[in-house]
Amino acid sequence: MAEAERVGEVIEAGTTGFIAQCYELYQMPPLGSLVRTGGSAAELYGIVYNAATTSLEPGRRPIARGRDEKSEEAIYHSSPQLAKLLRSEFEALVVGHKEGDKLYHRLPPQPARIHGFVYQCTPDEVKEFGKSFDFLNIILNAHLPVPTEELVAASLRRMSRAHDDQRDFLVAAGKELAILLSGNLNQLNAILGRIKL
Amino acid sequence: MSERLGIIVSGSLAKGVEVRLDSSASIEDMAVGRFVTIEGAKRRFFGMITDVSLGMTDQRLSLTPPDVSDPFIAEVLAGTSTFGTLHVSPSLVIGGDATTMLEGPQPVKTVPSHFSVVKAATQEDVELVFGTEDEKRFSIGTPLDMETKVCLNLEELVKRSNGVFGKSGTGKTFLARLLLIGILQKGAAANLVFDMHSEYGWESRDERGRRVKALKQLFPSRVAVFTLDEESSRRRKVSTDFVVRIGYDEIGPDDIALLRQTLNLTDLAVEAVHQLSRRFGKSWLEDTLAMKGTDELPEGLNIHESTLLNLQRGLETVRRLPFLMPHAPDNTVSRILEYLDRGTNVILEFGRYTDITAYILVANLLTRRIHARYREATEKALGEDTTPPRPLVITIEEAHRFLNPEVASQTIFGTIAREMRKYNVSLLVIDQRPSGIDSEVMSQMGTKLTCLLDNERDVDSVLTGMASKNELKSVLSKLESKQQALIFGHAVPVPVVVKTREYGSAQSYRDFAPDSQTEKDIEKLWD
């Protein structure tokens, strides 16, 4: 089993989601990817729905520095302090948790703990999580700053990569969506258009 | 393991239940007339698909259809947003409660609960419902897409009058022949067939021009062929047992009354027949024809000249029938009864005389007398506490001529259809215009076997009195035009669409008449 990659640390947490900061600038997990945090007692699963790189101090915005530089890398090279003055964060929507060995696709009883390590899930974990599509309902009902269709499509596309038969997985997910979105044809069509291979 | 089709989503006992198809089951594989089982929480139900339809969760889908050229989208939507629905009418409970365990399938009195699983019926289920071939049951064919046999309970069948219907060329004759073979094979009753087109006794050709054997060839020792037209029989190399001749003196006024329409007689003329026969006695027909005018009428008879002319013209048509003669050398009725009493089945061929006048006259005349004898025998058996006569099945073609509302009350066939069950005589009615048959007679029929019918009125009249009439209507009108029939009534526990049993191959003949000696004899004949 592949070792899970550590991608950050929780810096803000609520019942429905958490914000984590990356250890390295720009090293946030991709949109829609499945991450987990917490110890063996209560493991939380989240789907990355938003990421941002901002100044460390909210009041101080970075200024443009590249006028005399040849390339982007050169800016960071000549101002090494930048990596410390900026930070990359990502937000994850909690879509499930694990108690003992059992995986539940619903909100956890407790939110994540601050400074909890956040790991990118391995393909095996993704596969196990993808056995049920109950999490789709959580995403569809969440009020997020990103378009829901985009997030659903991104997470399904990403999950499908962990499966041997991507198409089968996507068709099954599509059918689940068709039931959930039976009253919202446009949204359904938008998602289906984004997840087809 | 039977394939799962879907789940029950709504319905009622009166109208049947709606089944939503699973996405794995293709609606194009469904067919009306197929059997399904429904696994209720406590009972198992048995029913038939009576309609297939398309549904969708959102009406907007039909207004702005999705891009189904993309197989992914098509696959996702199939069974979720768009789905197939089946209309199933449950008709039997085949398992689950004590009565069913002990006494076999029972009629339904309730519907399965919500979301009960619906599966295609397995061979075992169908066997459980229709039984297996034994000394009482005769296999008439197989259900759609199945190998199991559908068996008719012939003992039940011959207790009541039955009908075989269908448009011309849909296989009525074959179906009727199968039934007759079944009755013969199981010895359920004696048959008397009024064979208008000479197809039941000896070989004839099917629509593809193949020769097919008929009853006399399959059961030589148990079938007697009577003929009205000796010449035609001889030309076709039929070995006949008796040549039927009918004397003028055997024709009664009732026989003429039935021919009123065919002979174009007026009501007054029919009335005059009664008067004349009262006056002249047995020789009334000859005497009437011999008269030159009303002045020759005997005293006391008041018949108008035009009426007499009308009557004479009609009677002349009758007298021209070649098998009629002043005095018959032998009594046909006694001969027929003799054969029937011995358990031999009688087929009366009409040869060239396919004219409806001849058919109605002969069939009615003979049946009336046979009926009287049976009635006597049954009453006697009742009084003396002996065994009643063997059940008799009389087969008539073009039945709407005998049983139309105008004459059904007068003809003997109407009487038989209505009440002769008590005297062990029943009818097998073969007809292509069931709407022409009196509704009272139709409603008394025990089992109806119907091939394709497309005339609305015919369909309606065949299905009169059925609880699930509307459902069966769609089944009936979608039958294939060959080798398929819908059977419902007493002899089958549920209405069933069958692909009729093969008829015409050497193997089929062996199945019908397993008696090896007979078979050898037949083979010899054919070599």
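Atoms considered below: every heavy atom in the structure, side chains included; atoms not considered: hydrogens, waters and symmetry mates. Numbers restart at 1 for each chain; the letters A, B, ... are given by sequence-line order, proteins then strands.
Here the CG-CD1 distance, from A/N189 to B/I73, works out to 6.5 Å after rounding to the nearest 0.5 Å. To the nearest 0.5 Å, atoms CG (A/L188) and OG1 (B/T80) are separated by 7.5 Å.
Contacts from residues 138-157 of chain A to chain B, taken as heavy-atom pairs separated by less than 4.5 Å, involve no residues at all. When the heavy atoms of residues 50-66 of chain A are compared with those of chain B, none of the residues falls under 4.5 Å. Residues of residues 165-177 of chain A placed with any heavy atom under 4.5 Å of a heavy atom in chain B are listed by number as A/R167, A/L170, A/V171, A/G174, A/K175.
Dense packing is recorded around CZ of B/R60, with more than 12 heavy atoms of other residues, nucleotides or ligands lying under 6.0 Å away. No more than 12 heavy atoms of other residues, nucleotides or ligands sit less than 6.0 Å from atom CD of A/E72. In B/Q123, the CD atom is crowded: over 12 heavy atoms of neighbouring residues, nucleotides or ligands sit closer than 6.0 Å. Other residues, nucleotides and ligands contribute more than 12 heavy atoms inside 6.0 Å of the CD atom of A/E69.
Residues A/L192 and B/L77 have side chains in contact (heavy-atom distance under 4.5 Å, counting atoms from C-beta outward).
Listed by first and then second residue, the salt bridge (charged side-chain N to carboxylate O under 4.0 Å, His left out) pairs involving residues 10-28 of chain B are B/R4-B/D22 (not counting sequence neighbours).
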